[in-house]
There are 2 protein chains.
Amino acid sequence: MKKSNDRQLIKRNIKPTAMRELVLEVLTEEETAISLPELEKRFEKADKATLYRTLKTFEERKLIHSIDDGSGPVKYALCLEKCSCEVEDLHVHFHCTKCNKTYCLHEIPVPSISLPKDFSLESVNMVVQGICANCE
Amino acid sequence: MKKSNDRQLIKRNIKPTAMRELVLEVLTEEETAISLPELEKRFEKADKATLYRTLKTFEERKLIHSIDDGSGPVKYALCLEKCSCEVEDLHVHFHCTKCNKTYCLHEIPVPSISLPKDFSLESVNMVVQGICANCE
DNA sequence: TAAGTAATGCAACCGGGTTGCAAAGATTGG
DNA sequence: CCAATCTTTGCAACCCGGTTGCATTACTTA
């Protein structure tokens, strides 16, 4: 368990510390994205700044990606193995307005858009709001 | 000038006060979306809370809509006359990572998405990041 | 093992957003 | 035209997510 997570960390050039293993474990268990404040609640004893920096490190090394679903705090979710966070890896996110959970819809790529003249595309953020299957 | 804006306010059931006329004027002049902090800078003498409530009122009455482009503060832009902020009125937004301006791409509707089973759609937020025509 | 580097914990701060409350302004019924 | 009422404004304070500086601890490696 711990070993397998370590491999993921090492692969992304992240030194596997106890803290990082724990955070990665939570991110792995969780099927929906998690925010810093949520993480703080999970680890009452851990320091906010440490958790914050852990997430930042994970994000920087592309182990996780951030999602701003407009509901407040930014959330984070694991990237797929093959993901390098380029435009072609981008998928749609779903935010449930009832339970406030945010899902990665990995199987739904963001549709391509033709922009007006002289506008160039770097990235796309697409969040669908609605009610999720669990809340129906 | 003032008269024409007043008509817009009255049409949306907003009592036209001096403050509201001024804010609407700025929103009308501006071709890109504007945030509360930006508005505060424009009106040094006006109170933050008043500006805040003005925007909230405008939004509630569907004179403007809010855009969270992920760059920090929420921005606001005028709705089109016919807009009622329903799913079919939704358009793509463009955020320039260079000048930080956010554009309404009224002519580009948000693409429709087929969600997984038992997920229902209420709204969509689609923001394209890139470089705008002015910054090219 | 000592020196150097990286991670952690603590505290404080910042900025956007939001609210309570009192004062000022607009509205309306008598 | 005035009094009572409702609305808007201004001020202050607060909340919360995010972020940083700095000292301490843990780890690495020469």
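Please read all numbers here as calculations on a predicted model, not as lab measurements. So that the names make sense, note that chain A is the first sequence line, chain B the second, and so on, each numbered from 1.
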note = Nearest-nucleotide check on DNA chain C, B:Lys15 vs B:Asp47; residue mapping nearer the 5' end is B:Asp47

inquiry  = Using a 4.0 Å heavy-atom cut-off, does A:Thr50 contact any base of the nucleic acid, only the sugar-phosphate backbone, or nothing at all?
reply    = base

task = Name the nucleic acid region contacted by A:Lys45, choosing base, sugar-phosphate or nothing; use a 4.0 angstrom heavy-atom cut-off, strictly under.
result = nothing

Which nucleotide in the set [options] lies at the smallest distance from any side-chain heavy atom of [X]?
X	options	result
B:Ala49	C:dC10, D:dA12, C:dG17	D:dA12
A:Pro73	C:dA7, D:dG18, C:dT18	D:dG18
B:Val74	C:dG17, C:dC10, C:dA7	C:dG17

Rounded interatomic separation in angstrom, taking [atom1] from [X] and [atom2] from [N]:
X	N	atom1	atom2	answer
A:Tyr52	C:dA12	OH	C1'	15 Å
B:Leu39	C:dT18	CG	P	15 Å
A:Leu24	C:dA7	CG	C1'	17 Å
A:Phe58	C:dA7	CZ	P	11 Å
B:Glu21	D:dT9	CD	P	10 Å
A:Phe43	C:dG9	CZ	P	12 Å
B:Glu40	C:dG15	CD	P	11 Å
A:Lys56	D:dG18	NZ	C1'	8 Å

ask   = Could a donor-acceptor pair under 3.5 angstrom be found where the side chain of B:Lys48 meets the base of D:dG10?
value = no

message = Suppose we call a contact any N or O donor and acceptor under 3.5 Å apart; does that hold for the side chain of A:Arg53 and the base of D:dG18?
response =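 No, no donor-acceptor pair under 3.5 Å.
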
request  = Answer with yes or no after comparing the ring centroid distance for B:Phe94 and A:Phe119 against a 6.0 Å cut-off, counting only values under it.
outcome  =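 For B:Phe94 and A:Phe119, the ring centres are under 6.0 Å apart.
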
query = Is the distance between the ring centroids of B:His93 and B:His91 less than 6.0 Å?
reply =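 Yes - the distance between ring centres of B:His93 and B:His91 falls below the 6.0 Å cut-off.
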
task = Classify the side-chain pair A:Lys75/A:Ser35 by whether it contains a donor and acceptor separated by less than 3.5 Å.
result = no

inquiry  = On DNA chain D, does the nearest nucleotide to B:Ile14 precede the nearest nucleotide to A:Leu36 from the 5' side, or the other way round? Give the residue.
reply    = B:Ile14

task = Identify whether the distance between the nearest side-chain nitrogen and carboxylate oxygen of B:Glu38 and B:Lys101 falls below 4.0 Å.
result = no

key: Minimum-distance pair of heavy atoms, taken over all atoms of B:Val92 and B:Pro109   =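 So the two residues come closest at CG2-O, 4.0 Å.
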
task = Using only side-chain N and O atoms of A:Thr17, determine if any of them is under 4.0 Å from OP1 or OP2 of C:dT8.
result =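 So the side chain of A:Thr17 is within the cut-off, an N or O lying under 4.0 Å from OP1 or OP2 of C:dT8.
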
